Number of protein chains: 2
Amino acid sequence: MLQNPENCAVVRTVGYIGGKWKPIILIRLLNGGKVRFGKLAVQMPDISRKILSQQLKELEEDGLILRYSYMEKPPRVEYELSESGKTLIPVLKAMYDWGIQMEDPATRGTWDPVVK
Amino acid sequence: MLQNPENCAVVRTVGYIGGKWKPIILIRLLNGGKVRFGKLAVQMPDISRKILSQQLKELEEDGLILRYSYMEKPPRVEYELSESGKTLIPVLKAMYDWGIQMEDPATRGTWDPVVK
DNA sequence: CTCATTAGTTACTTATAGGTTACCAGTTAA
DNA sequence: TTAACTGGTAACCTATAAGTAACTAATGAG
């Protein structure tokens, strides 16, 4: 852990939740409950649907989120934070707080992940 | 923050400390005191000196570490965690703990960043 | 018949991160 | 005089992340 990225727990954590979009997706799912793919896409207009789909798949493969696919036409798919994913909350909170502290106060947001 | 990577405090934090080597470098510097470039390089044999130098420069530009360059020949340069960098400790700890929890127990290390 | 709907996929392109190799400067020691 | 020492930099190459555009399938509405 102290010399190899493969053995460093911090590097591993970055591997799970790092990247340009995963934190945002996870924060969207933090308040619990299932969210449809389309709703996520609308809430994050700047991520292409291909990338969103890809990131969700990785998060699911990593066991951080659950995917519910209903065999309907047109399709309906919902995503939800898994129990494992919920253990990320304090980590994301710590990272959020630190990021806020480093931020230009003018553009500061709030932690509350609930989106009305 | 909730929809744009540029405004997301968590994404910003990943930008500061993410990547393959920065967490390892920061952990090396956690126990306080100045560390020479060469010593860091020896402690992390798998990072090339060019990349190490580059990562240190970024950390310094971001204000997370301090660089002391003594005008000697051969050169001597020391690095140290800045006050701002020290505020990262709880964040790194949270990420470390989570990473450990997700880890294969067989290869598990310890948090104690002190290297003898 | 035709269009909208939803959650994708495929093929392709671009941007960024990371890595390798060779080289430099000024002093000391052999 | 020659090599070792140190902390880099420059040119170049590769691997991975991210993005774009076009397309798909089954049903219902008009």
Side-chain angles (χ1 to χ4, degrees), chain A residues 3-8 10-26 28-29 34-62 65-80, chain B residues 3-8 10-26 28-29 34-62 65-80:
Chain A
Q3 31 192 351
N4 288 108
E6 309 82 42
N7 298 337
C8 177
V10 180
V11 172
R12 178 171 25 255
T13 298
V14 171
Y16 278 108
I17 68 173
K20 190 167 173 183
W21 296 107
K22 281 183 185 171
I24 300 175
I25 296 170
L26 290 168
R28 290 275 153 188
L29 298 175
K34 304 184 181 72
V35 183
R36 289 190 67 164
F37 178 86
K39 192 177 176 192
L40 288 172
V42 167
Q43 289 174 337
M44 293 178 278
D46 290 345
I47 182 175
S48 77
R49 284 161 174 262
K50 180 214 156 188
I51 300 295
L52 176 57
S53 167
Q54 183 180 296
Q55 303 295 303
L56 287 166
K57 187 190 247 178
E58 287 180 20
L59 289 170
E60 190 211 353
E61 286 169 354
D62 287 339
I65 65 174
L66 299 170
R67 180 179 185 273
Y68 302 93
S69 177
Y70 307 91
M71 289 307 166
E72 302 171 354
K73 294 287 175 171
R76 179 163 62 103
V77 178
E78 295 177 333
Y79 294 91
E80 187 184 32
Chain B
Q3 33 193 349
N4 288 106
E6 309 82 45
N7 297 336
C8 177
V10 180
V11 172
R12 178 170 25 254
T13 298
V14 171
Y16 278 108
I17 67 173
K20 190 166 172 183
W21 297 107
K22 281 182 184 171
I24 300 175
I25 295 170
L26 290 168
R28 290 273 153 189
L29 298 175
K34 304 185 181 68
V35 183
R36 289 190 66 164
F37 178 86
K39 192 177 177 193
L40 287 172
V42 167
Q43 289 174 339
M44 293 179 278
D46 291 344
I47 183 174
S48 77
R49 284 162 175 262
K50 180 214 156 187
I51 300 296
L52 176 57
S53 167
Q54 182 180 296
Q55 302 294 302
L56 286 166
K57 187 188 245 178
E58 288 180 19
L59 289 169
E60 190 210 355
E61 285 169 353
D62 287 339
I65 64 174
L66 300 170
R67 179 178 185 275
Y68 302 93
S69 177
Y70 307 92
M71 290 306 165
E72 302 171 357
K73 295 288 176 170
R76 178 163 61 102
V77 177
E78 295 177 333
Y79 294 93
E80 186 184 32

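Naming convention: chains lettered A, B, ... in sequence-line order (proteins, then strands); numbering from 1 in each chain. Quick caveat: nothing in here was measured; it's all calculated off a predicted structure.
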Between NZ on residue A/Lys34 and NZ on residue A/Lys39, distance to nearest 0.5 Å: 13.5 Å

Is the shortest side-chain heavy-atom distance between B/Tyr16 and B/Lys22 below 4.5 Å? no

Quick one: is B/Arg36 getting a side-chain N or O under 4.0 Å of the D/dT6 phosphate, OP1 or OP2? no

Whole angstroms only, please: what is the CE-P distance between B/Met71 and D/dT6? 18 Å

Do B/Leu56 and B/Leu40 make a side-chain contact, defined as non-hydrogen atoms from C-beta onward lying under 4.5 Å apart? yes

Give a yes/no answer on whether the side chain of B/Tyr68 brings an N or O atom under 4.0 Å of OP1 or OP2 in D/dG7. no

Is the distance from OP1 or OP2 of C/dA7 to the nearest side-chain N or O of A/Arg76 less than 4.0 Å? no

Would a 4.5 Å heavy-atom cut-off, applied to side chains only, mark A/Tyr79 and A/Arg28 as touching? no

Base, sugar-phosphate, or nothing: which does B/Tyr70 touch, judged by heavy atoms less than 4.0 Å apart? nothing

Heavy atoms only: give me the nearest B/Arg49-B/Ala41 pair and the separation to one decimal. NH2-CB, 3.7 Å

Quickly work out the A/Tyr79 OH to C/dT6 P distance and round it to whole Å. 15 Å

Write down the atom of B/Gln55, the atom of B/Ile25, and the distance for their closest heavy-atom approach. CB-CD1, 3.6 Å

A/Leu56 CG to C/dG8 P, straight-line distance once rounded to whole Å: 7 Å

Review item, nucleotides 16-24 of chain C N/O atoms under 3.5 Å of protein N/O:
unit_1: C/dG18; atom_1: OP1; unit_2: B/Lys20; atom_2: N; d: 2.9
unit_1: C/dG19; atom_1: OP1; unit_2: B/Lys20; atom_2: NZ; d: 2.5
unit_1: C/dG19; atom_1: OP2; unit_2: B/Trp21; atom_2: NE1; d: 2.8
unit_1: C/dG19; atom_1: N7; unit_2: B/Lys50; atom_2: NZ; d: 3.2
unit_1: C/dG19; atom_1: O6; unit_2: B/Lys50; atom_2: NZ; d: 2.4

From C-beta outward on A/Lys57, which listed nucleotide comes closest to its side chain: C/dA7, D/dT6, C/dT9? C/dT9

For residues A/Glu72 and A/Pro74, determine if any side-chain heavy atom of one lies less than 4.5 Å from a side-chain heavy atom of the other. no

Nearest heavy atoms of B/Gly18 and B/Pro23, plus distance in Å: O-CD, 4.3 Å

Does A/Ser53 put a side-chain nitrogen or oxygen below 4.0 Å from OP1 or OP2 of C/dT9? yes

In whole angstrom, what separates A/Arg67's CZ from C/dA7's C1'? 8 Å

For nucleotides 25-30 of chain D, 5' to 3', base contacts (B), sugar-phosphate-only contacts (S) and non-contacts (-) with protein non-hydrogen atoms under 4.0 Å give -SS---

Can you name the side-chain contact (heavy atoms from CB on, under 4.5 Å) partners of B/Ile47, sequence neighbours left out? B/Trp21, B/Met44, B/Ile51, B/Leu52

Indicate whether OP1 or OP2 belonging to D/dA18 is found under 4.0 Å from a side-chain N or O atom of A/Arg49. no

